Every structure is written in structure tokens, then in C-alpha cells.
Amino acid sequence: MIEAEWPGQIGVCEPRRVAAISLANRVADETGTLVQGEAVGYAVKFDACANKPKIKYMTEGILLREMMSDPLLKSYSAIMLDEVHERTLYTDILMGLMKKILRKRPELRLVVASATMDAKELYEFFNNSHMRDKSKDTAVILSVKGRQFPVNMFYTMEPVPCYVQKSVETALKINLSKESGDILIFLTGQEEVDRAVRLLKEHATNIEQADKKEKMFILPMYGSLPYHEQLKVFKSAPDGYRKVVVATNVAETSVTIPGIVHEDYLPKLADSTPPEIIRTKLTYAVLQLKALGISNILKFKFPSPPPVQNLRSALEILYALGAIDINGELTKPLGFHMAEFALDPLYSKVLLSSGDFGCSEEILTIISMLQVETVFTKPSSGSFAVKARIQKRLFEVEEGDLITYLNVFNGFISSEMSQGFCHKNFINYKSMRRVVEIRSRLEKMLKNYDVPIVSCGGLTEMICKCLVTGLFPNAAYLHYSGVYKTVRGDIELFVHPDSVLYTIPQPQWVLFCEVMHTTKLFMRDLTVIKSDWLLELAPHFYHKTTHKEF
DNA sequence: GAGCACTGC
């Protein structure tokens, strides 16, 4: 074990929650200690270890957050960044911050672990190799040969007509064989996982009823499952049962589910995507760097510098939201509170102003609904597809998708969160449970910030106005040519066919939550607004002269 | 009438 002369903690950052939790479990198991004990623990959002374990596994955002109260990470003597080859936004930001910290704390040990051969680039980044004095270099490259866990893989040699069916059959075959060990099946999406789980459960029930000894314990695993259900895969199956986990690729990398020795395999695509930081919106990341006291974002050393224009527009939006002042300083309390939310700043702004509009109950619901994939299921069979469409109409309103979501949620709550309600209305029950979880967390945060939790009781205009206070950068107007355009930049946008506004006469002004770039630029999750509201509620961003339409 | 999935705070 780690001895006393090792003064601080060892922090290991993983890009995904399940990875952090499963590694902590694994290491605790190997060292014969309890997870979340003194030696080994983990911290992910909403589920942190209470003590300070010697080895702490966490998601990247957690370490970033810890830096807000402990900027030099003094409680750690070593930090490991794992899976760096994935180059998530947070990996890059953490590497930039660690470089700064290392200058002030040369005794801190940093291990950067990557599965690919980008070592040279990272080596140069941490060594300041542009400087002439190489003797000051402190980074070294260590190579570790990969070691595989003994796992039996099953490939199908030929294409199979239905691989969901086939994987279920394979699992059943393994289950009847003499070999012991748990089974992990990978499929491509949530729907497939649910289908496979249903099939397997039928078999499992039959086995139990026939009182055979090959009992199975079936568990699904995918991202939009409520958190407490995700954690079930890490527990061992009851005595006498073989655990069968059916997963999407949530679990594909860096996850070790204890006991798994059989894997179904789907080929992984070559990892060639450029770092997230150079192609994504930086509003939230810049907000967090500001919260860490990085005053000059444009001078911050990123391993892969994002386009300056992206940084500038992030700063401009944060200013217009009121999160930073004219000097680029985080505002108190608004900017600091916005940095605390694990949400797009446009959404956290809407939440924080919802008390003033007397509609925080409704806004909490809407923002929570936006955190999950669509709750409407899309049956593939014809007659059910028509029925689903008819049921969805019952919730639809002319104000747009967001108020429609509000109606769905309220219906779900009135039904006492019944599965029957979801079934009848073609709504995903598990997603709705997750929305309920998220909503109660956000509500707690609003209460902490003394935002009154109040309902406007059906005054949808107040809700729509409140949405403008944060979503104003996402406003579009109907051009006389019949397509929508952004107010700034005149970019052509189209209503997505999934929107409730798709089939009704096009309103003059809308807010969108997201743009999807597929065959065209499609706006999703729309709300109808009035142009006056933009002038009234976002004067920094829109002036009367900005566009003739005003 | 569109259309891969997944993740993180």
C-alpha cells in the first residue's frame, strides 16, 4: 500500500463516470479494501466520496471544480489524466491548467496516459520545447505494453440478418455451456439494448420457472438510464445467477465490469476525430476558466489552441448573458452561480432568471426535459407510428416544443409517474424518470441561490419571455423568402421535421435550443417569441439598428 | 420529412 512518506492524494481523471466508478471498484477489490474507504474512492458529479482516499478516481469536471477552491491542487501529490487520446474538451483544458500548476509546483507528479502515439506532441507541450534550454525539460515518455484481460470474444463470420436476435442466442448458448463467468453484450443503441434485455428476460423467467440451474440476472447499461440503474452493473449477481449485461458503447472503453469474461464485439471506427476543443462551442468552458481566475483567456496555453474567433464569441455571449463584466471579470453573484451549474450557460441563465418571471417551476421542468434525448419514442411499425403521432398531438401547443415538453412532464406527474401513461402516449418511461432526477437536483441548486420556486400557473407568455433571457443568442426570424435566418450573420435555418412547429404556419420569430447540421441546418426545440422581447431582454446583444425587421 | 451513437460538467 501507499506509505506515509507519500504525503498527498493520487488523483486519476477519467472522461466518463462509469469508468471512474468501475476502476475504483476494481482497484479496491485488488487491494482488498472497500471502495469509498480510506485507500480507494471515487468522485463523480452527484456521487462523491466523503473522505480523502489515497487514490481517488474521478471525472475530469470534478478535478476542474476542485481547482476552484484549491487552485494549485495542494491536496494531491500526483495526478493522472487517463484516456488522453480521446482529447475531450476537458482533457485539453485540464492539460492547459496542469501546465500552469506544474510551473508553481515542480514536485507534483503528472502522468498523462494515452492509448495512441501522440506522445511526442504532448511531450513538447509540457516541456516548452520551443525554449532552447533542453536541460530544463521535465517530461519523459514511458511506454507500457498493452495487457489484455482474458476475455473470450465471439465474432460472427458472416453478416447475420438480425444481430440483436443472434447476440441473444449466443448469450443463451454460453449460459448453457459449462464455462463460468459473466456475459457482456455490446449493441449499437438504446432501443436494441432494451429489445435484447426483453428477450433475455423472457428466457431467464422460463429458466427459473422450470427450476433449472442456469439462472440469469439480466441488466441493461446505457447513458440515458437513470444513474442508480447504471450502478447496478457493478454489483455482483445474486448467488446462483450468471450476470448478463447488455450495453451500448458507454461501457466500451476503459470500463471493467467485475466478472465479465464473454464479450460480443462490434468493430470500432478508427479514432480520427480532431480534438473537441477546436470544433465545439466554448461558452461553458470559458466560463469555467474564468471561475478559475484565468483572466486572459486569449493567452491561455491550450494543447490544441481553438480558433480565436470561437473564444471571442464565447466571451461576447458570456458578456451579453451578464456572466462577465466589460473587463472580462466574472460577475457576482450571477457569473459565479452560472459557473456552478453543469449546464450550457444559456440554460443556467434562464434558470437563474426564472424566479423574476414567476415561473421557476415551469423552467425547471423545461430545462430538465432538454437534458435527455427526446422522450417521444418513434415506433418503426406503420400503425404504431401513426398512433404515436396522434398521441403526441395531444401535448402539442402553438407556443412550440418547449411548452409541449412542459405538458408532457405535467401529464407524467399527474399520472403519478405511471408506466401506463408513458406506454399509452409512446413516451420513454426511463427517460422521464431521469428527467425527474435531474429536475430535483436543479431545484436544490436554485433554492441554494435563493431563487423562489414558483409557478406562473399556465401563463405561458411569462415562460417564453423568461426563455429569451438566456436563449436570445439562438433567435431566428422568418425571412420573406420563406426560410428562417439568424439575426446576426444571416445564416439560413430550417425547422426540423420533429418540431411541433413543422406542420403549422411559420411564426415570425423563434428561439431554438440546438442546430443540427445534417442535410440542411435544422433548428430543434423551438419556442415562438416576439421581437420586442429581444430588444427588452437582450439589449446588449440586439439593438434596433441590428436589423430592419425590428 | 428526417435519419449513427455516445460522453462530460
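Hydrogens, waters and symmetry mates play no part in the numbers below; they use all other heavy atoms, side chains included. Because the structure is predicted, anything quoted here is derived from the model rather than measured. Lettering follows sequence order; numbering is per chain, from 1.
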Asks: In whole angstrom, give the distance that lies between atom CG of Leu292(A) and atom P of dC9(B).
Replies: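 Going from CG in Leu292(A) over to P in dC9(B) covers 16 Å.
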Asks: In whole angstrom, give the distance that lies between atom CE of Met445(A) and atom P of dC9(B).
Replies: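 Nearest whole value for this atom pair: 13 Å.
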Asks: Atom CD of Glu83(A) to atom C1' of dG8(B): distance rounded to whole Å?
Replies: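 It is 14 Å, rounded to the nearest whole Å.
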Asks: Is the side chain of Thr377(A) donor-acceptor paired with the backbone N or O of Phe426(A) at a distance under 3.5 Å, no angle test?
Replies: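 Yes; at least one donor-acceptor contact below 3.5 Å.
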Asks: Atom CZ of Arg524(A) and atom C1' of dG1(B): how far apart are they, to the nearest Å?
Replies: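 Taking atom C1' of dG1(B) as the reference, CZ of Arg524(A) is at 13 Å.
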Asks: If the condition is side-chain contact (heavy atoms from CB on, under 4.5 Å), which residues does Leu199(A) pass it with, not counting sequence neighbours?
Replies: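 For Leu199(A), the residues satisfying side-chain contact (heavy atoms from CB on, under 4.5 Å) (neighbours in sequence not counted) are Gln165(A), Val168(A).
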Asks: Look at all strands and tell whether Thr88(A) reaches a base, only sugar-phosphate, or nothing, counting heavy atoms closer than 4.0 Å.
Replies: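 No contact.
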Asks: To the nearest angstrom, how far is Ile62(A) atom CD1 from dT7(B) atom P?
Replies: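 To the nearest whole Å, that distance equals 17 Å.
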Asks: Send over the distance from Gln288(A) CD to dG8(B) P, rounded to a whole Å.
Replies: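 In whole Å, dG8(B) P lies 15 Å from Gln288(A) CD.
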Asks: Where does the angle between the aromatic ring planes of Phe341(A) and Tyr449(A) fall among parallel (under 30°), tilted (30 to 60°) and perpendicular (over 60°)?
Replies: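 Because their plane-to-plane angle is over 60°, the rings of Phe341(A) and Tyr449(A) count as perpendicular.
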Asks: Let's see if you get this right: which residues in residues 495-504 of chain A place a heavy atom under 4.0 Å from DNA chain B?
Replies: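 Here the set is Pro497(A), Asp498(A), Tyr502(A).
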Asks: Considering only dC9(B), dA2(B), dT7(B), which nucleotide approaches the side chain of Arg16(A) most closely?
Replies: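 The nucleotide sitting nearest to the side chain is dT7(B).
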Asks: I need the OH-C1' distance between Tyr284(A) and dT7(B), as an integer number of Å.
Replies: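 Tyr284(A) atom OH is separated from dT7(B) atom C1' by 14 Å.
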Asks: Tell me what Phe341(A) touches on the nucleic acid: a base, only sugar-phosphate, or nothing, going by heavy atoms under 4.0 Å.
Replies: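 Phe341(A): no heavy atom of the nucleic acid under 4.0 Å.
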Asks: Is it the case that over 12 heavy atoms from other parts of the model lie below 6.0 angstrom from the CD atom of Gln391(A)?
Replies: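 Yes, enclosed.
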Asks: Given atom CG of Leu187(A) and atom P of dC4(B), what is their separation to the nearest angstrom?
Replies: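 Going from CG in Leu187(A) over to P in dC4(B) covers 18 Å.
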Asks: Under the salt bridge (Lys or Arg N to Asp or Glu O under 4.0 Å) test, which residues partner Arg389(A), sequence neighbours left out?
Replies: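 Once residues adjacent in sequence are excluded, the partners of Arg389(A) under the salt bridge (Lys or Arg N to Asp or Glu O under 4.0 Å) criterion are Glu396(A).
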Asks: Strictly distance-based, threshold 3.5 Å: is any side-chain N or O of Arg65(A) a donor or acceptor partner for the main-chain N or O of Glu340(A)?
Replies: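 Yes.
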Asks: Output yes when Glu316(A) and Arg312(A) qualify as a salt bridge under the 4.0 Å nitrogen-oxygen rule, no when they do not.
Replies: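 Salt bridge absent between Glu316(A) and Arg312(A).
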